[in-house]
Amino acid sequence: MRTIKKKAMSARILPALLLASGLPAVTSCDKVPAGEQPGDTPIAFNSAVSTKAPVEPVESENDMTEFAVWAAYYNSDGTMTEPFFNTKVYKKDGTWTYDDLKYWLEGDWHFEAFYPLPSTLHVEKPVQEQDALDVYFTAPKGEGAALEGLTVNYYYGPTASHDLMTAEYTRTYTATTPDASAVDLSFNHLLSRVTISVKTNSSNVSLTSLTFSGMSLLGAYNTAENPDKWHLLTSIPELSNVQAGSFSADPSKITSPLPSNGTPVEVLSDLLLIPQTPGDRTNGLAPINVVASYTLNGGQPETKTVNLPSTPAWEPGRHYRYTLAVGSADVTLNIQVDDWDKENYNVSW
């Protein structure tokens with residue numbers, strides 16, 4: 001465990017390259033009896049959470065099995081240590097646990113958590129073809145600090161399949177009124193979720209292809225220049241010649257012909273993308289567009305390009321549903337913005 005004086009804290013760097021990859025309130029239960037003296041009771045993590053697949057967006061407490069935890073602990077004289085550093089918290093027999101138990105001590109505790117677990121992910125292909133992540137932790141420096149908590153130094157997401165989340169929690173532990181209950185975290189989604197659908201009110205309309213492209217795939221979050229915000233990057237030492245994102249609909253998932261009653265058909269679902277503002281040729285940003293090809297009554301394919309408007313801008317934790325209406329006239333675009341999921345979910349550890 002590293003010891004640092006509170007007035008001289010420095011960042012700890014954790015690089016991690018990802019191959020695969022705000023939840024509302026995180027509540028918790030503690031099955032470990034509280035000790036009468038500091039140091040008697042381990043810091044506990046407890047929940048009933050499971051997962052479906054690491055590349056699916058997290059919509060509930062049932063979609064997680066592990067995450068990483070950092071913690072800064074300050075004793076009475078202001079000395080800071082890091083009892084948790086990229087510590088893996090995982091499910092075992094239905095209970096959250098971790099190796100090398102840590103115990104509550106008198107003082108101030110600040111916890112940070114990150115999903116997915118960065119240290120267990122790796123790269124097997126060229127980095128240009130898959131997601132990459134660099135995370136580091138800056139211990140809280142007190143009121144007015146320029147930067148603290150977890151920073152995404154860069155995230156590169158060409159697969160648009162990884163759900164990134166963070167959470168934090170603070171507690172002052174005292175011997176007079178010891179609170180050894182499990183730590184409560186409120187996870188927040190860092191990315192935006194985008195779905196592209198197509199519909200028609202005409203008969204015998206077949207979608208032949210659809211491409212969604214132009215978005216930035218490289219960004220940083222909670223840096224000194226942009227606390228608690230995303231900003232887009234054009235390059236990093238690990239990556240050069242970063243291209244704009246492009247996602248094509250799987251032909252096998254395209255209904256042909258489209259339902260003539262106006263029922264939307266999702267052709268690109270749950271793309272997890274860095275929050276950004278689509279360009280509209282007036283704000284100086286590159287356009288994000290949808291290119292759709294379709295046939296009417298078995299005739300020659302028609303290809304239409306629709307640029308996304310700059311409003312609404314993508315925000316973390318929101319779900320943007322873009323629906324193209326195709327037919328004998330031009331293509332129109334409808335936009336629906338929802339919360340990531342309309343229900344609230346609790347995750348406990």
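The structure presented is a predicted model; accordingly, all values stated were derived computationally and were not measured.
Between W104 and Y173, the ring planes lie parallel to each other; the angle is under 30°, not in the 30° to 60° tilted range. Relative ring orientation between W109 and Y73 is described as tilted, the plane-to-plane angle lying within the 30° to 60° band. Ring orientation note: the planes of Y169 and F111 are tilted relative to one another, at an angle of 30° to 60°.
Side chain of Q276 to main chain of S216: a donor-acceptor pair is present (N/O by atom type, distance under 3.5 Å, no hydrogens or angles).
Considering only heavy atoms from C-beta on, Y74 comes within 4.5 Å of M80 through its side chain. A heavy-atom distance below 4.5 Å is found between the side chains of F212 and L308. With contacts defined as side-chain heavy-atom distances shorter than 4.5 Å, the pair T195/H319 qualifies.
Between D99 and K88, no side-chain nitrogen of the basic residue sits less than 4.0 Å from a carboxylate oxygen of the acidic one, so the salt-bridge criterion is not met.
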Throw together a table of side-chain donor-acceptor distances under 3.5 angstrom for residues 199-208, partners on residues two or more places apart or in other chains.
unit_1: T200; atom_1: OG1; unit_2: S202; atom_2: N; d: 3.1
unit_1: T200; atom_1: OG1; unit_2: V326; atom_2: O; d: 2.7
unit_1: N201; atom_1: OD1; unit_2: G262; atom_2: N; d: 3.4
unit_1: S206; atom_1: OG; unit_2: S256; atom_2: OG; d: 2.9
unit_1: T208; atom_1: OG1; unit_2: S293; atom_2: O; d: 2.9

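Shown here for W314 and S192, the closest heavy-atom pair between the two residues is CB-OG, 3.4 Å. The two residues N222 and G149 make their nearest non-hydrogen contact at ND2-C, 4.5 Å.
Taking CG of L271 as the start and CE of M215 as the end, the distance is 7.0 Å to the nearest 0.5 Å.
Side chains of S181 and D179: a donor on one and an acceptor on the other come within 3.5 Å.
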Apply the test salt bridge (charged side-chain N to carboxylate O under 4.0 Å, His left out) to residues D338 and R318: give CA-CA distance (whole Å), side-chain angles for both, the deciding distance (0.1 Å), then the verdict. CA-CA 6 Å; D338 298 321; R318 306 304 297 274; over 6 Å; no

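Side-chain rings of W96 and F67 approach one another, their centers coming within less than 6.0 Å.
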